[in-house]
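To start, the structure itself, in C-alpha cells.
Because the structure is a prediction, the values reported are computed rather than measured. No hydrogens, no waters, no symmetry mates; every other heavy atom, side chains included, goes into these values. Every chain is numbered from 1, with letters handed out A, B, ... down the list of sequences.
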Amino acid sequence: MSGRRACSSRPPCHSGGVPAKPRSISPPPARDIAGPLLHWYDAHARTLPWRAPPGNPAPDPYRVWLSEIMLQQTTVAAVRPKFDLFTTLWPDFAALAVADEAEVMTAWAGLGYYARARNLIACAKVVVAKHDGRFPATEAQLRALPGIGDYTAAAIASIAFGQRAVVVDANVERVVARLYAIATPLPAARTAIRAAADAITPDARSGDFAQAMMDLGSGICTFRAPKCLACPLHDRCDGFASGAPEQYPVKPAKLAKPQRYGTIFWAERGGSVLLVRRPPKGLLGGMRSLPTGPWADTPPGLADAPLDIAWRTLDRTVAHVFTHFGLELSLAVGDVEGHSAIGANIGEWWPIADIESAGLPTVFAKAAAEIRRVQ
DNA sequence: CAGTCGTGGGA
DNA sequence: TTCCCAAGACT
C-alpha cells in the first residue's frame with residue numbers, strides 16, 4: 001500500500017538488463033528514512049507521561065487520546081499539568097463520561113480552544129454508550145468520533161493500537177517538506193507532503209515512527225535555526241543540501257489582525273463578583289466568564305451592561321490577543337449593595353477571594369487580576 | 001476552501 | 001517589543 005520498500009529488501013531489482021517497472025503511483029523514496037530515524041528515537045526519545053518508552057507495549061488508549069487532544073496546537077509544557085489533573089480527576093472513559101461538564105470546562109480553563117473540552121466530553125459519552133467503554137481500533141471508526149480528525153485518528157491508531165497509519169501534523173509537514181525540499185507553498189503542498197509521508201512510514205513501529213518525527217520536528221528540525229548537524233537524516237535531506245532548510249515549508253503571507261474593543265463589567269456584592277456562562281458555542285463557548293458587552297470595531301462603552309446600576313469606568317484597559325483578532329477591554333465596576341435580588345437570574349455571585357478557582361479563560365482572569373490590582 | 005477557534009513561549 | 005508558532009478540528 002505504501003510502495004516504500006527499497007530494492008535492497010528484496011531480490012535484485014534488475015535482471016537481464018530489463019528496466020525495473022514502477023510498482024506504485026507515488027514515487028518510491030530514494031532513501032531510507034525510517035531506519036535511521038527509529039535508531040535515533042531509540043536513543044533520544046523524550047520521556048512523557050502519556051508515552052511508552054521506544055519499543056514497549058502501547059500505552060493506555062485513553063491516555064493517548066487525552067494527550068493528543070490536549071496537544072492540538074498546544075505545547076508540551078502547557079499540557080503536562082493539565083494532563084496530570086485530568087488523569088487524576090477522570091482516569092478513564094467511564095469516569096469522564098459521567099463527569100460534571102462544568103467541572104470539566106473549569107479544569108480545561110487556560111488551555112484554550114475550548115471546543116476541544118466540549119468534544120472531549122461528547123467523545124467519552126459516545127465511547128461508553130456505543131463502544132462499551134473502549135475505543136474502536138480502526139482509524140476510520142476513530143475518525144468518526146467528536147474532536148478526532150485525520151491527524152488524531154492516525155496518531156491513536158498507530159501509537160495506541162500499533163497499526164500502520166500516516167500521521168501528518170505540523171512537525172511531519174515541516175520535516176517532510178525539508179527532506180524533499182518541497183517548494184510548493186502550503187496548503188497546496190499538503191498533497192505531496194502526505195504522499196511522501198506515506199512513502200516513508202514503515203509497517204512496523206508506525207507509532208514510534210510518528211512520535212520520532214514529532215520529536216525530531218520539536219527538537220531538531222525546528223521552525224527556525226534547525227540543528228541539522230544533530231539530525232540523523234541530514235545526510236539524506238534535500239533541504240540540508242540546499243543550504244537553507246528553514247525556507248521549507250513555504251507558507252503563504254499572513255493577514256493583519258483586526259483590533260476589536262469591548263467592556264468588562266465587574267459587579268461586586270459583599271465580597272463577591274457577578275460571573276456568567278458564555279453561550280455554548282463560538283469564542284470561549286461554554287466557559288464561565290465576567291459579563292461583557294459587544295466586541296466591536298470601536299469602544300462600545302457601557303452597551304449591554306448586565307445590570308442597570310451606576311458603573312464607574314476605570315482609567316485602564318486590558319489587552320489580549322486571540323488567534324484572529326486583538327482585543328482591548330475597558331473596565332467598568334459597579335456596587336450592587338442594596339440590590340441583593342439582582343443578578344441571580346443571569347449568573348452567579350462568586351467569592352472574589354476564590355476567583356482563581358472559577359475556571360475563567362485567560363482573558364477574563366487577566367481582567368480580574370487587573371481590576372483587583374487597581375481597586 | 002478559508003475562516004473560526006486560545007494561549008504561552010521562543011527568538 | 002513584536003512576530004510567529006505548537007501533536008488540528010470543524011464549518
Per-nt protein contacts along nucleotides 4-11 of chain B (heavy atom under 4.0 Å; B base, S backbone sugar-phosphate only, - none) come out as SBBBS-BS

Check if the side chain of A:Arg190 and the base of B:dA2 share a donor-acceptor pair of N or O atoms closer than 3.5 Å. no

cation_pi(A:Arg178, A:Tyr248) dist<6.0 Å, angle<=45: no

Does A:Gly217 or A:Arg143 map to a spot on DNA chain C nearer the 5' end, using the closest nucleotide for each? A:Gly217

With rounding to the nearest 0.5 angstrom, report the OG1 to CZ distance, A:Thr292 to A:Arg278. 5.5 Å

Using the ring centroid of each side chain, check whether A:Phe265 and A:Trp311 are separated by less than 6.0 Å. yes

Whole-Å distance separating the CD1 atom of A:Ile148 from the P atom of C:dC10: 9 Å

Tell me whether the centres of the aromatic rings in A:Phe209 and A:Tyr41 are closer together than 6.0 Å. no

Does A:Leu360 reach the side chain of A:Ile355, with side-chain heavy atoms less than 4.5 Å apart? yes

Span that lies between the P atom of C:dC3 and that of B:dG6, in whole angstrom: 22 Å

From CG of A:Leu48 over to P of C:dA7, roughly how many Å is that when rounded to an integer? 12 Å

Taking the six-membered ring for Trp and the single ring otherwise, decide whether the centroids of A:Phe322 and A:His320 are under 6.0 Å apart. yes

Taking the side chain as everything from C-beta on, heavy atoms only, tell me whether A:Arg63 gets closer than 4.5 Å to A:Phe83. yes

Give me the residues of residues 56-71 of chain A where at least one heavy atom lies under 4.0 Å from an atom of DNA chain C, by number, or none. A:Glu68, A:Leu71

